[in-house]
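See below for the structure under consideration.
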Amino acid sequence: QFPFGRRLPCDIYWHGVSFHDNNIFSGQVNKFPGMMETVRKITLSRAMRTMQDLFPLEYNFYPRSWILPEELSLFVTEVRTMKDSNPSWKPTFIVKPDGGCQGDGIYLIKDPSDTRLTGSIQSRPAVVQEYICKPLLMDKLKFDIRLYVLLKSLEPLEIYIAKDGLSRFCTEPYQEPTLKNLHQVFMHLTNYSLNIHSGNFIHSDSVNTGSKRTFSSILCRLSSRGADVKKLWSDIISLVIKTIIALTPELKVYYQSDIPAGKPGPTCFQILGFDILLMKNLKPMLLEVNANPSMRIEHEQELSPGVFENVPSPVDEEVKVAVIRDTLRLVDPQKKKRKDTHLSFHTYLLIFPTQLQSLHAGNAGMKDKQHKHHSLKLSLKLKFYLKLGSCQSLKQAREASEELPDAPKSPEAALPSLCLKQVFPKYAKQFSYLRLVDRVAALFIHFLGVKGTTKLGPTGFRTFIRNCKLSNSSFSMAAVDILYIDITRRWNSMGIDKESGMCLQAFVEAFFCLAQKKYKSLPLHEQVSSLIEFCECRLAALHGKRLLWGCG
Ligand code: ADP
């Protein structure tokens with residue numbers, strides 16, 4: 001626990017809920033600024049929509065979504081058009097309140113005219129999404145997958161995926177949605193927090209039975225049925241990389257605002273929880289990204305009415321201990337030193353088992369102010385090296401921690417192989433062409449001018465147009481101002497935040513607009529990449545030297 005008044009900096013700061021800058025000038029923080037905001041349901045859907053507009057085939061792993069209330073009429077007309085063109089299409093939609101979690105406030109509807117929808121959307125912004133009606137079932141039950149992803153660095157982009165995850169099962173046999181069963185949450189929603197209240201929930205000591213199992217146990221069963229699990233993994237890896245590519249532009253804007261380049265500050269890393277649903281044909285679909293996945297390794301058991309006890313959950317322990325252990329191994333600041341100097345280390349980082357229990361994230365839906373109060377600030381000074389490697393249980397972990405002084409001289413050798421697999425930059429070649437919005441964000445950040453802001457003022461926008469020589473006789477500076485005002489006003493009226501000016505997503509919209517104007521006949525992604533190249537060249541010429549733009 002980082003005591004108030006402590007002055008000495010730490011190597012690693014472990015914040016409980018979100019990044020908050022407590023005058024941290026060095027070291028590494030386990031949260032990125034703005035991650036909570038970036039993965040909220042509405043923001044994520046917007047970022048995915050932008051990518052779907054640019055690369056529809058590559059981003060077809062995210063269900064078609066509309067943002068309410070602002071896109072209600074679009075939702076109604078698009079669904080009507082699709083139904084008219086394909087009368088056999090009998091869709092179901094899932095409505096999810098923005099900022100909700102653990103299934104809170106979620107319901108299913110069959111038609112956009114449903115009164116539940118029209119009655120509630122004015123009071124609570126939400127995402128309405130096409131419901132995946134044909135999920136893969138196991139033992140007749142719907143389940144989803146929670147995978148842990150480490151975003152180790154934003155610039156350069158470094159992504160790791162945990163080789164094992166969790167599968168969370170529904171507790172009522174699945175049936176395709178009908179008006180009669182729409183409200184049956186134990187059949188349609190896989191949330192642990194909901195299903196735990198069902199009489200059918202099975203806590204299990206084994207990793208391949210019960211209502212929560214390891215993902216590897218699912219893969220084993222699929223493989224024994226002859227499924228191509230290698231292809232499934234590669235589809236999941238590609239889903240994860242593409243999703244992070246969709247999130248990075250926004251994250252970079254937050255990052256430069258909280259940790260401006262050139263000033264002393266920490267670097268960041270973050271463990272994310274990816275919720276994925278497998279369709280019957282084994283296609284993985286992204287449901288959501290959790291900035292603050294629960295790291296609890298125990299669950300509550302009701303011993304007698306009203307009397308609860310925390311008992312270890314072997315499935316959670318198996319997956320989560322490895323994720324935290326290996327995250328710390330990867331961000332270990334001593335590692336490089338050790339490599340460089342060939343020192344033999346007798347020192348160990350000790351994450352006390354009790355701390356591991358309390359590293360569980362709180363409620364992802366908590367309001368921002370609450371975060372700061374509820375944040376558990378665990379600062380782990382890396383003077384010890386991690387020795388939780390082969391611990392199967394808390395008891396063993398405790399024993400291991402007591403053994404530390406006599407531990408072997410090469411701690412890495414005593415640890416199991418890493419459970420986190422690097423996927424980026426490893427597969428960068430395959431995916432870098434998707435990083436267009438990153439380059440638009442680099443332009444945006446360049447013209448922000450004042451450090452510490454996330455919004456572009458009218459002067460910054462004009463400077464962008466002038467420096468990139470985008471105005472001409474058919475696109476006057478007056479038209480530029482109108483474009484700025486139109487788009488900015490619309491985005492700000494959506495009430496996303498109160499700071500005035502043009503946010504990144506509004507800038508991206510304006511940029512796409514300019515690209516369409518300039519390169520009419522090309523597909524959108526070629527229009528956008530042509531305009532990016534045009535702007536980058538203009539700026540490079542202006543600065544008299546070749547600048548390193550974009551994703552590097
Ligand atoms: P929350 O943050 O409240 O858990 P999710 O987006 O994860 O919200 O949705 C809750 C549950 O609803 C998921 O775990 C999944 O079982 C189900 N679900 C969500 N979206 C869909 C969808 N598009 N199709 C089918 N099931 C879905």
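Order of appearance sets the numbers: ligands from 1, and atoms from 1 within every ligand. Positions are given from 1 along the sequence.
- In this structure, the protein non-hydrogen atom closest to atom 3 (O) of ligand 1 is G103 N, 2.7 Å.
- Looking at I276, L194, N191, it is N191 that brings a heavy atom closest to atom 10 (C) of ligand 1.
- In terms of protein heavy atoms, atom 20 (N) of ligand 1 is closest to K96 NZ, 3.0 Å.
- Judged by distance alone, the side chain of Q270 and the main-chain N or O of L150 form no donor-acceptor pair under 3.5 Å.
- Atoms of ligand 1 found under 4.0 Å from any heavy atom of I94 (numbered from 1 in listed order, with element): 12 (O), 18 (N), 19 (C), 20 (N), 21 (C), 22 (C), 23 (N), 27 (C).
- The closest non-hydrogen atom to atom 23 (N) of ligand 1, taken over R168, Q129, R146, comes from Q129.
- Here the rule is side-chain contact (heavy atoms from CB on, under 4.5 Å) with D438, and of L251, T248, I245 only T248 fits it.
- We find the CD1-CZ distance between I24 and F19 to be 6.0 Å, quoted to the nearest 0.5 Å.
- An N or O contact shorter than 3.5 Å links K41 to ligand 1 by distance.
- Using a 4.5 Å heavy-atom threshold, the side chains of Y160 and Y148 count as separate.
- Residue K142 holds the heavy atom nearest to atom 26 (N) of ligand 1 of all those in K142, R40, H188.
- In this structure, Y192 has its ring center at least 6.0 angstrom away from the ring center of H299.
- If you take CG on L420 and CD1 on I271, they are separated by 8.0 Å, rounding to the nearest 0.5 Å.
- Using a 4.0 Å cut-off to heavy atoms of G100, the atoms of ligand 1 that qualify are 2 (O).
- Among the atoms of L189, none of the N or O lies under 3.5 angstrom from an N or O of ligand 1.
- N181 and H188 share a side-chain donor-acceptor pair at under 3.5 Å.
- The shortest heavy-atom distance from E130 to ligand 1 is under 4.0 Å.
- For the atom pair CG (L232) and CG (L222), the distance works out to 7.0 Å, reported to the nearest 0.5 Å.
- Screening E288, Q129, R46 for a side-chain contact (heavy atoms from CB on, under 4.5 Å) with K41, the sole residue that qualifies is E288.
- Distances from atom 15 (C) of ligand 1 to the heavy atoms of D104, T190, I145 put T190 nearest.
- Both the backbone and the side chain of I132 come within 4.0 Å of ligand 1, counting heavy atoms alone.
- Protein heavy atom in closest approach to atom 21 (C) of ligand 1: L287 CD2, 3.5 Å.
- Within ligand 1, the atoms closer than 4.0 Å to a non-hydrogen atom of D144 are 14 (O), numbered from 1 in the order shown.
- In terms of protein heavy-atom proximity, atom 7 (O) of ligand 1 is closest to E288 OE2, 3.4 Å.
- Between K283 and N60, the side chains place a donor N or O and an acceptor N or O closer than 3.5 Å (distance only, hydrogens not considered).
- With a heavy-atom cut-off of 4.0 Å, I106 touches ligand 1 through its side chain alone.
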